[in-house]
Number of protein chains: 2
Amino acid sequence: MPMARRSQTETAVLGALSMHPMTAYALREAIRDVLGHFWSESFGQIYPTLGALERQGHVERREGPRSGSSTFVITDSGTARLRELLNEPITAAPPRNGLLLRLFFGRTLGVRKCRELLLEAKADAERNLAGYEGLARKISAEEKDSPDLPYVLTTISAGRRSAENVIAWADEALALLGDIPADDTTPTNGESS
Amino acid sequence: MPMARRSQTETAVLGALSMHPMTAYALREAIRDVLGHFWSESFGQIYPTLGALERQGHVERREGPRSGSSTFVITDSGTARLRELLNEPITAAPPRNGLLLRLFFGRTLGVRKCRELLLEAKADAERNLAGYEGLARKISAEEKDSPDLPYVLTTISAGRRSAENVIAWADEALALLGDIPADDTTPTNGESS
DNA sequence: GCGTGCATGTAAAGTGTTACATGATTCG
DNA sequence: CGAATCATGTAACACTTTACATGCACGC
């Protein structure tokens, strides 16, 4: 029997509910918008997980904001379970960096396209950076007295630094690739300006 | 019909074979050791993928270094296919950072454990950093005249910078968490020094 | 009355990991 | 000759995504 890596969906769901009760729909948005910078859960995972957590008594279903909808509330046993899950060793996701994979085979891909990819990555990172900076300001103001604040700021800082890092790296890489003549082993690509 | 995200296993396999021919076993090691810093493929994916590539004429099976073993060689059509795959848009893996997930819920996890996790992450990054620095020196010397060198160095630099970044971030985060009293909402954990 | 957004779920399918199974070769 | 390493594969299963299906409420 293949011993499966523990899924961390439970952790994310219980964690989000530990901040405040919400509907499954809101939970999905919270995971997308709040944890989105370092975590993701697909829609189809959230409902089954909530069902399982309910059966185990870790969350309770209350009257929702609309008829037919339900708000989920974490129970004491749920909080204990969350603590347990958070204390489990981190199961690292296998690395899968599509940009580095392409760059590594840059000789086959062609310098021109490599530069293009680097510029795209840099632009992306710049957008993200602006987002993180705005977010940090907003959260600092809004949640000034929340005990969660330092933890949240820490994760935002990780995102900000990572974006800055990509920008600096892209510049370095562009400089390094600048020395290579553009027709090295370049693909037979008709599209050029 | 769920339109599946393209698997990039083919890309990694063809890419590795584009550097030089090898057996499936060696391929697995190359992917683990050479691409390992930014890519991973499980053993069970490599064989079926090689089989499919062979049926499509993108790789050919030659006499291997031992009886019963075969060395795989990329064909012209395989090189063309690799070029095609490398030019496809990058399918970003959904983010899943277990460390940030735990830190985000640090109030529940407890400051002490958060510090522990940060120190671990920092130590990891320091190990990696040393590895990258050694690797960069080694590759620079060994492959001095390889046309692949600048591309490879670029990916190593990404790893090195990322490790440096984690170290700096961990220090910042540790300082930030330094202000929080250790018994905030701390779990009932018996283990303490 | 109709579109948009809130709300809840299920089903099909693909991706990827791990355990299992087996054998040859080399080296001490 | 036994252990380590090279070598090749398969099968079960977990994980995750995405498409589909359905309905209510609210504003215009």
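Proteins come first, then strands; the chains are lettered A, B, ... in the order of their sequence lines, and each starts at number 1. Note that these values count all heavy atoms, side chains included, but never hydrogens, waters or copies made by symmetry.
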Rounded to the nearest Å, what distance is computed from the [atom1] atom of residue [X] to the [atom2] atom of nucleotide [N]?
{"X": "B/Glu41", "N": "C/dT17", "atom1": "CD", "atom2": "P", "answer": "7 Å"}
{"X": "A/Phe43", "N": "D/dA21", "atom1": "CZ", "atom2": "C1'", "answer": "12 Å"}
{"X": "A/Gln45", "N": "C/dT15", "atom1": "CD", "atom2": "C1'", "answer": "13 Å"}
{"X": "B/Arg28", "N": "D/dT10", "atom1": "CZ", "atom2": "C1'", "answer": "15 Å"}
{"X": "A/Arg96", "N": "D/dT17", "atom1": "CZ", "atom2": "C1'", "answer": "15 Å"}
{"X": "A/Glu54", "N": "C/dT8", "atom1": "CD", "atom2": "P", "answer": "12 Å"}
{"X": "A/Arg32", "N": "D/dT16", "atom1": "CZ", "atom2": "C1'", "answer": "17 Å"}
{"X": "A/Glu10", "N": "D/dT16", "atom1": "CD", "atom2": "P", "answer": "12 Å"}

Flag yes if B/Leu176 and A/Phe38 sit in one hydrophobic cluster, no otherwise; membership is Ile, Leu, Val, Met, Phe, Trp, Tyr, and two members link when side-chain heavy atoms are under 4.5 Å apart.
->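 No, B/Leu176 and A/Phe38 fall in different hydrophobic clusters.
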Pi-cation contact, A/Phe43 with A/Arg28 (under 6.0 Å, within 45°) =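 Yes; both conditions hold, so A/Arg28 lies above the ring face of A/Phe43.
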Would you indicate which nucleotide in C/dT17, D/dC15, C/dT25 comes nearest to any side-chain atom of B/Ser67?
->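 Looking only at side-chain atoms, B/Ser67 lies closest to C/dT25.
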Between D/dC6, D/dG9, C/dC6, spot the one nearest the side chain of A/Glu29, thanks.
->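 For A/Glu29, the side-chain atoms sit closest to C/dC6.
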Is the shortest side-chain N/O distance from [X] to OP1 or OP2 of [N] below 4.0 Å?
{"X": "A/Ser70", "N": "C/dA7", "result": "no"}
{"X": "B/Arg66", "N": "C/dT26", "result": "no"}
{"X": "A/Ser42", "N": "D/dT18", "result": "no"}
{"X": "B/Tyr25", "N": "D/dC6", "result": "yes"}

Toward the 5' end of DNA chain C, which comes first, A/Ser69 or A/Gly44, by nearest nucleotide?
->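 Its nearest nucleotide being more 5', the pick is A/Ser69.
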Assign each of B/Ala26 and A/Ser40 to its nearest nucleotide of DNA chain D by heavy atoms, then name whichever residue's nucleotide is nearer the 5' end.
->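 This one resolves to B/Ala26.
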Are A/Phe104 and B/Val152 close enough, and set up right, to give a side chain to side chain contact (heavy atoms under 4.5 Å, CB included), and what steps lead you there?
-> CA-CA 5 Å; A/Phe104 191 90; B/Val152 173; 3.9 Å; yes
Using a cut-off of 4.0 Å on non-hydrogen atoms, how would the nucleic acid contact of B/Pro48 be classed: base, sugar-phosphate, or nothing?
->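 Answer is nothing: B/Pro48 stays at 4.0 Å or more from every strand.
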Which part of the nucleic acid, if any, lies within reach of A/Thr49 when heavy atoms closer than 4.0 Å are counted: base, sugar-phosphate only, or nothing?
->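 Answer is nothing: A/Thr49 stays at 4.0 Å or more from every strand.
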What's the verdict on side chain to side chain contact (heavy atoms under 4.5 Å, CB included) for A/Phe72 and A/Arg61, showing C-alpha distance, side-chain angles and the deciding distance?
-> CA-CA 5 Å; A/Phe72 290 90; A/Arg61 198 182 284 257; 3.7 Å; yes
Hey, is CG on B/Asp33 packed in by over 12 heavy atoms from elsewhere, all under 6.0 Å?
->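 Atom CG in B/Asp33 is packed in, count exceeds 12.
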